[in-house]
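First comes the structure, then the notes that go with it.
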Amino acid sequence: MKINFYNSLTNQQEEFKSIQDGVVKMYSCGPTVYDFAHIGNFRSFLFGDLMRRFLELAGYEVQHVMNITDVGHMVEGEADKMLAAATRVKENKKSGRVPEGAIKDPNDPYQIADYYTKAFLDDANKLGYKVAAEYPDSMPRATDYIDGMIEMIERLIQRGHAYVSSDGVVYYSVESFPDYGNLSGNTMDKLQSGAGGRVSDQNQSMKKHPADFLLWKPDQKHIMKWDSPWGVGYPGWHIECSVMAAKKLGQDVIDIHTGGEDLIFPHHECEIAQSCGCSGESHFANYWVHARFLFVEGEKMSKSQGNFYTARDVFEGKVTGKPVHPAVLRFELIKSHYRSNMNFTKKGLTDSANTVTKLIDLRSELEAKSGGKMAEVDLSHPVLNEFATALADDLNIAGALAVMHTWIKSDHSDAAMSLAIWDKMNSVLAIAPISGEGAGAADGGDADDQGEAMRLEMVAAREAKDYAKSDELRDKLIAAGYDVQIGKTEVTIKKKLA
RNA sequence: GGCGUCGUGGCCAAGUGGCUAAGGCAGCGGAUUGCAAAUCCGCCAUCGUGGGUUCGACUCCCACCGACGCCUCCA
């Protein structure tokens, strides 16, 4: 199967060819663990997951690695992110958002990182993010790789790509790496002309070039710090990905690197400079694939706009007023093309809930009909072939979903075969459990006791032909989030997924 | 200013140099129902504007108009 991806490095669609036959080495930039991950983060992460699952459907063995950034080296406004997180955690403990006892000492950055790492894994697993199920093997934490970062910085200095400036800070010298700017288009001359005013002069005077970026900063006062040949301090942001990608994937050049589009510059540009500067290779990743941003009801998502949602906000019903099943959020986040800005809306969520429900219902129907028996099927089957061919065209999810919808409405008299096809499609969509995988499952919606009581009452009312009472109960059930079906003799109710 | 993506029905969104321009949602008509819901059947676009290339373009080229993203911590 011919697979195409849009490569940000060359700004065009390219046929995908893995370095090693049948194996794909893939790295995705992961979350910072100072706060709960929001739906924009997950849009980008799940795009990586879709890509990985598709490659697996296409027959590749995919080694996917995603880092956890737990080094407190970023700033939020003026404050260190870890310090900001400490403040936030203290507030959240008061409000109950962070349960009592979850973080014993909010001043300990490791405890904060641990707490939010667990929260991330919890959300990610619910959303069927495969790499999260492989934690910790495939999800290294930056603080466990400080030694590797120091090694890489030393090597960069040896090779003439980095230098220690007069204030003791280690910088990468972008002038030592002619390809700097190839990914983002921000070549050195453009950066220089555009730099005026934006960067503080005192910082700049220490650097050889305005675009030189930090590799190690000695700083005794920093909240998280480690010993190094350049003094006690902390590593730059970019170096962790270069190190963990190489260590975990075991080679200097990898196949695919993904992330949000905002990471193209400076983060990914700098990763390339570091990794290639260190290895001497012409490429770090052969394919750089970036996801566009997520908007909420047409607006950019931001805390000040009040339209900023974490994954758990959505699960808990902060967006729609009703709880949303994780499978619905997953489907909503993967159903639009990764290179389009996706618009996250309530209506979209409802649509997604309908589709997910339809798929789950079809599955139960097929299981009942086939007695759980499943046929053998592969991509040579016309339906799956069409489904996979769409995805092979730069992850054309809309095309693939069209195939799926048409198939849903088609003839399913061979239930065992249909079940097999269903499973294959679901191995990519992951909106319901697949054998051997517990993640991201829509487990159907069983009624609770109260709902069941109302249902029985309704049946009784109907036997007595008391339609007014029956209708009243139906309205109540619907208000309680149930889907009510009145059959000839039976009444069935089911919790809606959103 | 630099780099990049894009403009298809009410909304979301595929696709092709030439048979009937996917699919979803919404809507409309019908079947079904005590009434609904769900389901099933049917209906519902000529592709931003103006040129050009071509036997023929929505699809190729040019111009224009418009939308959006990145260039600063951000997925």
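This structure is a prediction, so every number in the text was calculated from the model and none was measured. Heavy-atom basis, side chains included; hydrogens, waters and symmetry copies ignored.
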Check every strand shown and say whether Gly40(A) touches a base, only sugar-phosphate, or nothing at a heavy-atom separation below 4.0 Å.
-> base
Nearest-neighbour nucleotide for the Arg474(A) side chain, C35(B), A75(B), C68(B) considered = C35(B)
Measure up the Phe42(A) and Phe120(A) rings against each other and bin them: parallel (under 30°), tilted (30 to 60°), perpendicular (over 60°).
-> parallel
NA contact type, Gln485(A), heavy-atom cut-off 4.0 Å: base, sugar-phosphate, or nothing?
-> base
Reckon Phe344(A) touches a base, only the sugar-phosphate, or nothing at all at heavy-atom distances under 4.0 Å?
-> nothing
Does a distance-only test, which skips hydrogens and angles, find a donor-acceptor pair under 3.5 Å between the side chain of Asp471(A) and the base of G34(B)?
-> yes
If you count the non-hydrogen atoms of other residues, nucleotides and ligands that lie under 6.0 Å from CD in Glu175(A), is the total more than 12?
-> yes
Check every atom of U5(B), U72(B), A14(B) against the side chain of His337(A) and return the nucleotide holding the closest atom.
-> A14(B)
What is the nucleic acid contact for Ile478(A), judged by heavy atoms within less than 4.0 Å: base, sugar-phosphate only, or nothing?
-> nothing
Is Gly185(A) touching bases, backbone alone, or none of the nucleic acid, heavy atoms closer than 4.0 Å?
-> nothing
Between C11(B) and G30(B), how far apart are the C1' atoms? Round to whole Å, please.
-> 25 Å
Residues that Thr492(A) engages under side-chain contact (heavy atoms from CB on, under 4.5 Å), provided they are two or more places apart = Gln485(A)
His290(A) near the nucleic acid: base, sugar-phosphate alone, or nothing, with a heavy-atom cut-off under 4.0 Å?
-> nothing
Would you mind telling me which of C35(B), C74(B), A14(B) lies closest to the side-chain atoms of Ser340(A)?
-> A14(B)
Would you please classify the geometry between the Phe36(A) ring and the Tyr116(A) ring as parallel, tilted or perpendicular, with 30° and 60° separating the classes?
-> perpendicular
Separation between the C1' atoms of C62(B) and U54(B), rounded to whole Å | 16 Å
Student check: side-chain heavy atoms of Gln13(A) and Asp393(A) closer than 4.5 Å | yes
Just the table, please: protein N/O against nucleotides 22-26 of chain B N/O, every pair under 3.5 Å.
residue	atom	partner	partner atom	Å
G23(B)	O2'	His405(A)	ND1	3.2
G24(B)	OP1	Lys409(A)	NZ	2.8
C25(B)	OP1	Lys358(A)	NZ	3.4
C25(B)	O2'	Lys347(A)	NZ	3.1
C25(B)	O2'	Asp351(A)	OD1	3.2

Please confirm whether the backbone N or O of Leu429(A) pairs with a side-chain atom of Asn426(A), one donor and one acceptor, at under 3.5 Å?
-> no
Give one of base, sugar-phosphate or nothing for Asp35(A), where a contact means two heavy atoms less than 4.0 Å apart.
-> nothing
Closest-nucleotide 5' rank along RNA chain B - winner of Ser184(A) and Lys488(A) = Ser184(A)
When all nucleic acid strands are considered with a 4.0 Å heavy-atom cut-off, which category describes Leu263(A): base, sugar-phosphate, or nothing?
-> sugar-phosphate
Between C6(B), U72(B), C68(B), spot the one nearest the side chain of Phe295(A), thanks.
-> C68(B)
Complementary nucleotide for A75(B) - Watson-Crick or wobble, under 3.5 Å | none
Minimum-distance nucleotide (side-chain atoms of Asp262(A) versus C74(B), C68(B), U72(B)) = C74(B)
Relative to the 5' end of RNA chain B, which residue comes earlier, Lys335(A) or Ala468(A), by the nucleotide with the nearest heavy atom?
-> Lys335(A)
Closest nucleotide among C35(B), C68(B), A37(B) to the Asn341(A) side chain = C68(B)
For Arg43(A), which contact category applies under a 4.0 Å heavy-atom criterion: base, sugar-phosphate, or nothing?
-> nothing
Is Lys118(A) salt-bridged to Asp122(A), going by a charged N under 4.0 Å from an acidic O?
-> no
Mind checking the P distance from C28(B) to G66(B)? Whole angstroms is fine.
-> 37 Å
Only counting residues at least two apart or in another chain, list the ones meeting salt bridge (Lys or Arg N to Asp or Glu O under 4.0 Å) with Lys469(A).
-> Glu457(A)
Counting only side-chain N and O atoms of Asn186(A), is one of them less than 4.0 Å from OP1 or OP2 of G2(B)?
-> no
Contact class for Phe308(A) (heavy atom, under 4.0 Å): base, sugar-phosphate, or nothing?
-> nothing
Lys369(A) NZ: over 12 foreign heavy atoms closer than 6.0 Å = yes
Side-chain atoms of Ser44(A) come closest, of C68(B), A75(B), A36(B), to A75(B)
So what does Asn396(A) hit on the nucleic acid, given a heavy-atom distance under 4.0 Å: a base, only sugar-phosphate, or nothing?
-> sugar-phosphate
